[in-house]
Structure formats: C-alpha cells, structure tokens
Amino acid sequence: MRASTLCLVFGLVLLMTWTSEAQPRLSPGFPNVTGTIDCTHIAIKAPPGPNEGDFVNRKGVHSINVQMVCDSMCHITNVEAKWPGSVHDSRIFRESGLCTLFERGAYDGILLGDRGYACRQYFMTPFPDPNPGPQTRYNAALARTRARIEMTFGQLKGRFQCLKSLRVAPDRACDIIVACAVLHNIATIRKERTPVVEVQPDDDLQPVHLNQPSGRAARDRIVQHNFEY
C-alpha cells in the first residue's frame with residue numbers, strides 16, 4: 001500500500017469520528033450544532049481528455065470543488081474531495097455519504113451553511129429576505145458562526161501553499177487535499193502556529209430555493225425559541 005493511501009485511511013478515521021456530545025457549541029442561539037459546512041475550490045492543471053471541461057469552475061479555472069465540515073476549533077471533521085469544479089455545492093452535499101447519514105438520523109445535531117444549500121431539518125441556512133428583528137438576528141448569528149469554516153479554509157491553504165494550485169492529475173490532487181486536511185488537524189490538535197488568514201469574500205453562489213418544508217419549520221422553531229427577545 002502506497003504512502004498516500006495509508007494517509008488517506010488514517011484521514012478517514014480522524015475526519016469521520018463525530019462525537020456530538022463532546023462538541024463545544026459553535027454559537028449562542030443555535031442548539032446542538034454539529035458543524036459548519038461549505039465548499040472551496042482547489043485549482044489544478046487542466047486534465048487531458050474529453051472531461052476537461054467538467055473541471056472548469058464559474059471563474060474559468062480548472063479546479064476540484066471540495067466539501068468540508070469543521071467544528072468550533074477549526075478541526076476538519078468531514079471532507080469530500082472528488083468533484084470537478086463545475087459541480088454546484090448543493091449537489092455535492094446532496095450526493096454525499098454525509099447527507100445520507102443525516103437523512104437516516106445517524107446524527108442528532110444540525111449543520112450550518114450558506115444560501116447555496118437547501119434548508120433541511122438538520123441543515124440551517126439564512127433567510128433569503130429576513131424580516132427585521134428575529135430573522136435578522138438569526139441570519140447575523142448564522143453568519144458569525146459560519147465564518148469558522150472560512151477561517152478553516154484559510155488556515156488550511158495558509159499551512160499548505162501547494163493547495164493554491166496543484167500541478168497533478170485530478171485523482172492525485174484529491175489524495176493530496178485529504179492528506180493536507182489530516183495534517184491540518186494534527187497541527188491544530190498540537191496547537192502549532194496558526195498562519196495568518198486572509199479574509200476571503202463569500203462566493204457569490206445563486207441561492208437554492210428548494211428548501212424542504214421540514215427545514216423551514218425547524219428554522220422557524222429555532223428563531224422562535226432563540227432569537228425572539
């Protein structure tokens with residue numbers, strides 16, 4: 001077994017161990033938050049072959065679109081690195097093993113994401129047009145909490161400059177991305193020096209309007225119980 005495969009196996013153990021009971025709360029107002037989720041693009045060289053166009057993202061760059069989840073300490077608790085850059089964030093989550101586990105009720109916590117995802121019973125997203133008061137406070141709290149995943153992306157790319165552009169084939173790039181996520185977690189656990197993070201503007205994704213009724217109802221309950229004051 002080659003070294004990268006060994007690292008990948010270790011990474012699955014480290015990244016997929018969810019202990020919701022031990023998770024510190026990410027933000028006041030949100031009950032039982034499992035983590036914040038988003039996708040980030042890792043540039044790669046243009047791959048040869050008929051599928052080259054699939055890797056071109058909205059900015060015209062060849063990339064892998066990588067889904068990650070982090071906790072309040074910027075530990076990466078889940079990573080999905082296999083999708084070409086043209087694939088939308090919402091599809092990556094919808095077809096992920098993580099989504100399947102949440103749908104089956106394997107976790108009792110909630111994820112926090114941006115407007116690029118559908119609101120589900122276990123996945124809270126912002127109100128597209130919040131009313132003044134509780135909905136606005138909810139959106140502000142969600143944005144503050146969700147900033148943790150952006151910080152994690154910044155720390156990851158700051159630690160591993162190779163992630164600015166990987167000059168390798170897509171499958172090899174995915175191995176490297178997961179290995180870097182594992183090493184980032186080790187560095188975070190060991191309290192290694194944190195790189196200076198450049199604040200990145202939010203990706204201007206088109207909002208997803210396929211919110212589930214159960215998701216809207218769960219969001220309304222959170223607003224009613226935690227933000228009406």
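The structure presented is a predicted model; accordingly, all values stated were derived computationally and were not measured.
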**OP:** Please examine the side chains of Met68 and Val66, heavy atoms only from C-beta on, and report whether any two atoms are closer than 4.5 Å.
**Re:** yes

Subject >> Main-chain N/O of Gly215 paired with Arg120 side-chain donor or acceptor, under 3.5 Å >> reply: no

Subject >> Working for side chain to side chain contact (heavy atoms under 4.5 Å, CB included), residues Thr152 and His184 >> reply: CA-CA 9 Å; Thr152 301; His184 162 83; 4.0 Å; yes

**OP:** Could you tell me whether a side-chain N or O of Glu228 sits under 3.5 Å from a main-chain N or O of His225, the two making a donor and an acceptor?
**Re:** no

Subject >> Beyond-backbone contact of Asn57 with Val87, side-chain heavy atoms, under 4.5 angstrom >> reply: no

**OP:** Step by step, work out the side chain to side chain contact (heavy atoms under 4.5 Å, CB included) result for Met124 and Leu111.
**Re:** CA-CA 6 Å; Met124 294 296 102; Leu111 296 170; over 6 Å; no

Original post:
If every non-hydrogen atom of His88 is compared with every non-hydrogen atom of Gly116, which pair is closest and at what distance?
Top reply: CE1-O, 3.2 Å

Subject >> Nearest heavy-atom neighbours spanning Thr125 and Asp114 >> reply: CG2-O, 3.5 Å

Original post:
What is the distance from atom CZ of Arg221 to atom CZ of Arg216, rounded to the nearest 0.5 Å?
Top reply: 12.5 Å

Subject >> Check: Ser90 side chain, Tyr117 main-chain N or O, donor-acceptor pair, under 3.5 Å >> reply: no

Subject >> Spacing of Arg190 atom CZ and Thr188 atom OG1 [to the nearest 0.5 Å] >> reply: 11.5 Å

**OP:** List the steps and the verdict of side chain to side chain contact (heavy atoms under 4.5 Å, CB included) for Tyr107 and Leu98.
**Re:** CA-CA 10 Å; Tyr107 305 119; Leu98 183 62; 4.1 Å; yes

Subject >> Same apolar cluster (I L V M F W Y, side chains within < 4.5 Å links), Leu166/Val178 >> reply: yes

Original post:
Does the Arg219 side chain pair with the main chain of Gln121, one donor and one acceptor, at a distance under 3.5 Å?
Top reply: no

**OP:** Check whether any side-chain N or O of Asn65 sits under 3.5 Å from a backbone N or O of Trp83 as a donor-acceptor pair, and report yes or no.
**Re:** no

Subject >> Over 12 foreign heavy atoms within 6.0 Å of CD, Gln135 >> reply: yes

Original post:
Cluster question for you: counting only ILVMFWY and a side-chain heavy-atom cut-off of under 4.5 Å, with indirect links fine, are Phe227 and Val33 together?
Top reply: yes

**OP:** Is it possible for you to say whether Leu156 and Ile176 belong to one hydrophobic cluster, with membership spreading through side-chain heavy-atom contacts below 4.5 Å?
**Re:** yes

Subject >> Hydrophobic cluster membership, Phe153 vs Ile186, 4.5 Å side-chain cutoff >> reply: yes

Subject >> Arg146 versus Thr36, closest heavy-atom pair with distance >> reply: CA-CG2, 3.9 Å

Subject >> Note, Ile44 side chain near Arg167 side chain (heavy atom, < 4.5 Å) >> reply: no

**OP:** Answer yes if the ring centres of Phe123 and Phe102 are under 6.0 angstrom apart, and no otherwise.
**Re:** no

Subject >> Reported CZ-to-CG distance for the pair Phe160 and Leu183, which is rounded to 0.5 angstrom >> reply: 4.5 Å

Original post:
If you round to the nearest 0.5 Å, how far is CD1 of Ile189 from CE of Met73?
Top reply: 10.0 Å

Original post:
Within a strict 4.5 Å, meaning less than it, do heavy atoms of the His41 and Ile64 side chains meet?
Top reply: no

Original post:
Will you find, in the side chains of Ser165 and Lys45, an N or O donor that is under 3.5 Å from an N or O acceptor?
Top reply: no

**OP:** Check the side chains of Asp54 and Ser86 for a donor-acceptor pair under 3.5 angstrom, ignoring hydrogens and angles.
**Re:** no

Subject >> Least distance between heavy atoms, Ala43 atom then Val61 atom >> reply: CB-CG1, 4.0 Å

Subject >> Asn139 side-chain N/O to Phe127 backbone N/O, donor-acceptor pair under 3.5 Å >> reply: yes

Subject >> Aromatic ring pairing Tyr122/Phe93, orientation class (parallel under 30°, perpendicular over 60°, tilted between) >> reply: tilted

Subject >> Spatial distance of atom SG (Cys70) from atom CD1 (Ile149) [nearest 0.5 Å] >> reply: 4.0 Å

Subject >> Nearest-0.5 Å distance that lies between atom SG in Cys99 and atom CD1 in Ile37 >> reply: 9.0 Å

**OP:** Check whether any side-chain heavy atom of Ile177 lies under 4.5 Å from a side-chain heavy atom of Leu163, and answer yes or no.
**Re:** yes

Original post:
Does the side chain of Cys119 reach to within under 4.5 Å of the side chain of Gln212, using non-hydrogen atoms?
Top reply: no

Original post:
So, Lys82 and Glu80, do they make that salt bridge, N to O below 4.0 Å?
Top reply: yes

**OP:** Apply side chain to side chain contact (heavy atoms under 4.5 Å, CB included) to the pair Arg159 and Thr194, showing each step before the final yes or no.
**Re:** CA-CA 8 Å; Arg159 280 193 167 109; Thr194 303; 4.2 Å; yes

Subject >> Minimum side-chain heavy-atom gap Lys157-Ile42 below 4.5 Å >> reply: yes

Original post:
Would a distance-only check, ignoring hydrogens and angles, find a side-chain to backbone donor-acceptor pair under 3.5 Å from Asn32 to Asp108?
Top reply: yes

Original post:
Under a 4.5 Å cut-off applied to non-hydrogen side-chain atoms, are Arg115 and Pro128 in contact?
Top reply: no

